Protein chains: 2
Amino acid sequence: MGRRSMPGCDTTDLGRCESCAVRRFGLCNALTRDELRQIRQIANRRVYKPGDQILIGEEETPFFAAIYSGAVKLSKILFDGRQQVVGLLLAPDCLGRVFGKPSPYFAEATTDVELCCFPHTAFQKMLDDYPELKQRLLEQTIDELDSARDWMVLLGRKSAEERVASLLLMLAMRLRHTRYDARGTDCPVVLDLYLKRHEIGDYLGLTYETVCRQIRNLCEKNLISQSGRRQFTVPSLSALAQAAG
Amino acid sequence: MGRRSMPGCDTTDLGRCESCAVRRFGLCNALTRDELRQIRQIANRRVYKPGDQILIGEEETPFFAAIYSGAVKLSKILFDGRQQVVGLLLAPDCLGRVFGKPSPYFAEATTDVELCCFPHTAFQKMLDDYPELKQRLLEQTIDELDSARDWMVLLGRKSAEERVASLLLMLAMRLRHTRYDARGTDCPVVLDLYLKRHEIGDYLGLTYETVCRQIRNLCEKNLISQSGRRQFTVPSLSALAQAAG
DNA sequence: CGAGACATTGAGTAGGTTCAAAGACCGTGG
DNA sequence: CCACGGTCTTTGAACCTACTCAATGTCTCG
């Protein structure tokens with residue numbers, strides 16, 4: 001597994017909060033201007049390249065972080081190497097444990113990633129001081145739980161084709177949501193899949209060969225088209241949703 | 001699906017908090033005596049029989065509840081009837097949505113169940129007034145998220161035999177934990193599976209026939225023995241853990 | 001241009017499903 | 001108390017989806 005470069009780590013420079021997805025849709029949305037100014041003080045920025053390990057299963061978590069940009073793959077690995085991706089974290093999501101406990105997951109950057117990291121004790125203090133923040137964290141955790149359970153349905157009960165369709169649909173929906181492209185509900189969506197075929201397989205509980213074949217299937221049915229190896233166009237979300245179960 | 005009897009509903013009578021699992025290990029553990037006295041006031045008790053629907057997908061949740069006794073099956077159903085159980089809730093667990101949003105799950109009693117129910121607004125006020133309580137709720141939600149992700153590994157990557165072994169292991173561990181049977185780590189455990197074969201299948205992403213066959217397998221390997229149709233004895237947890245992956 | 005990683009495609013196989021039938025258990029009522 | 005009906009469970013045989021193994025193709029980056 002790629003550990004190509006050491007994760008960079010530099011401090012400050014966060015006048016960027018204004019345009020940040022975490023501020024607009026995520027955790028920091030629960031903060032007033034003053035509180036935001038305060039959380040900036042304890043935050044520091046880290047950047048990663050595709051393939052970098054951000055967290056290593058069972059090791060002490062060094063921080064709690066919000067994702068500023070990029071995509072992070074969260075996974076668990078069985079003793080014999082079988083792997084299951086348990087989450088794909090994008091822009092306004094959070095990463096790591098709140099209370100400093102070791103996180104039982106591996107987290108790997110699948111694109112260039114920028115994190116906004118908070119040291120545990122300082123962040124815990126923020127949580128205690130600002131109930132809105134803790135409330136927001138609770139809500140986000142509940143949403144994550146819902147997604148995890150949706151994925152359980154996918155893994156337990158859906159066919160290979162439905163799984164691939166579901167993944168593309170999920171990403172398309174997310175994209176539409178954070179971009180606020182609320183044009184007519186059913187216009188074409190172009191989306192980038194930041195994952196290799198192998199990783200898609202580990203996310204969907206399939207082998208990569210099966211993923212290939214099912215992508216071809218969906219193309220032949222005109223439910224999607226490939227504009228690049230990892231870029232797809234979805235002509236109709238509702239048609240895709242049909243195929244996703 | 002069984003809707004055999006109307007759920008009963010009576011009020012008060014909660015001097016039972018002292019011996020309650022929710023008090024000892026769950027939410028109420030975060031409260032002082034005084035605060036407990038207060039939460040009692042807003043609580044009311046509901047009882048259900050096996051097969052009763054407690055929550056119906058997408059309907060407004062009538063309450064937030066802690067489980068006093070019994071087992072509740074949480075599931076999602078696909079348009080064509082395929083079902084996936086996404087959680088099995090036992091004694092100190094909680095049920096329903098905190099903020100009154102509709103819960104996207106079906107909840108069904110699989111044994112006799114007693115719930116301790118809190119109306120939304122009153123409970124939300126408790127949460128706002130007692131940060132410890134909210135903290136506890138957050139921690140429990142994180143634990144649930146971890147379990148859900150463990151289940152994703154099971155559904156995505158484990159064989160039928162490993163799945164059945166994992167389920168029994170999980171229940172045995174839970175049982176040992178709440179009963180505080182900390183005798184030598186590896187003594188025999190007797191456990192009741194409150195689920196029919198069909199429900200086990202829906203939990204493990206298998207058909208009930210496969211569940212049957214795998215139970216037989218495990219018996220033949222002496223990893224478990226059946227003492228009743230739904231009661232099993234696990235001679236060695238560590239041996240079972242081996243088989244569970 | 002070549003090497004390596006990633007993706008695609010094909011053929012054969014296996015684990016789990018489906019379909020079918022028989023057996024065990026439980027509560028009910030004669 | 002036993003017989004009956006329904007539900008749940010067990011077992012068998014055929015089938016199918018997704019996996020495995022293997023070869024070929026394509027992209028990227030030095």
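We use all heavy atoms of the structure for the numbers below, so side chains are in, but hydrogens, waters and symmetry mates are not. Given the structure is predicted, the values throughout are model-derived calculations rather than measurements. By convention in this document, chain letters (A, B, ...) are assigned in the order of the sequence lines, proteins followed by strands, and residues within each chain are numbered from 1.
B:Tyr105 and A:Asp146 are linked by a side-chain donor-acceptor pair at a separation below 3.5 angstrom, with hydrogens and angles left out of the test. B:Asp143 and B:Gln140 share no side-chain donor-acceptor pair at under 3.5 Å.
Regarding A:Leu154, its CG atom lies at a distance of 12 Å from the P atom of D:dA18, rounded to whole Å. D:dA18 atom C1' lies 15 Å from atom CG of A:Asp202, rounded to whole Å. Straight-line distance from the CD1 atom of A:Ile200 to the P atom of C:dA7: 8 Å, rounded to whole Å. Between A:Leu206 atom CG and C:dG15 atom P the separation is 18 Å, expressed in whole Å. Nucleotide C:dG16 holds its C1' atom 11 Å from the CZ atom of A:Arg157, rounded to whole Å. Rounded to an integer number of Å, the gap from A:Glu209 CD to C:dC6 P is 14 Å. A:Gln231 has its CD atom 16 Å from the C1' atom of D:dC27, to the nearest Å. Distance A:Arg82 CZ to D:dT20 C1': 15 Å, rounded to the nearest Å.
Scanning atom types as modelled, no donor and acceptor separated by under 3.5 angstrom connect the side chain of A:Arg230 and the base of D:dT26. The base of D:dC8 has none of its N or O atoms less than 3.5 Å from a complementary donor or acceptor on the side chain of B:Glu199. No donor-acceptor contact under 3.5 Å links the side chain of B:Arg163 to the base of C:dG16.
The residue B:Gly205 sits close only to the backbone: its heavy atoms come under 4.0 Å of sugar-phosphate atoms, none of a base. No contact: B:Gly228 has no heavy atom under 4.0 Å from any strand.
Between the side chain of B:Thr110 and the backbone N or O of B:Ala71, at least one donor-acceptor pair lies under 3.5 Å. Side chain of B:Lys158 to backbone of B:Ala244: a donor-acceptor contact under 3.5 angstrom is found.
Of the candidates C:dA7, D:dT9, D:dT20, the closest approach to any side-chain atom of A:Thr207 belongs to D:dT20. Nearest nucleotide to the side chain of B:Thr210, out of C:dG16, C:dA7, D:dC21: C:dG16. Taking only side-chain atoms of A:Arg229, from C-beta outward, the nucleotide of C:dC6, C:dT17, D:dT9 with the closest atom is C:dC6. Nearest to the side-chain atoms of A:Arg197 among the listed nucleotides C:dT9, C:dA20, C:dA7 stands C:dA7. Among the nucleotides D:dT20, C:dT8, C:dG16, the one closest to any side-chain atom of A:Arg213 is D:dT20.
Cation-pi check for B:Arg45 over B:Tyr68 is not met; the charged atom does not lie both under 6.0 angstrom from the ring centroid and within 45 degrees of its normal.
Each of A:Tyr208 and A:Ser159 was assigned the nucleotide of DNA chain D with the nearest heavy atom; the assignment lying further toward the 5' end belongs to A:Ser159.
For the segment residues 214-227 of chain A, the set of residues with a heavy atom within less than 4.0 Å of an atom of DNA chain C comprises A:Arg216, A:Gln226, in numerical order.
We find the CE-CZ distance between B:Met152 and B:Arg157 to be 11.0 Å, quoted to the nearest 0.5 Å. Between the CG atom of A:Leu195 and the CG atom of A:Asp202 there is a distance of 9.5 Å, given to the nearest 0.5 Å.
Note on ring orientation: taking the six-membered ring where Trp is involved, the planes of A:His198 and A:Tyr208 are tilted (angle from 30° to 60°).
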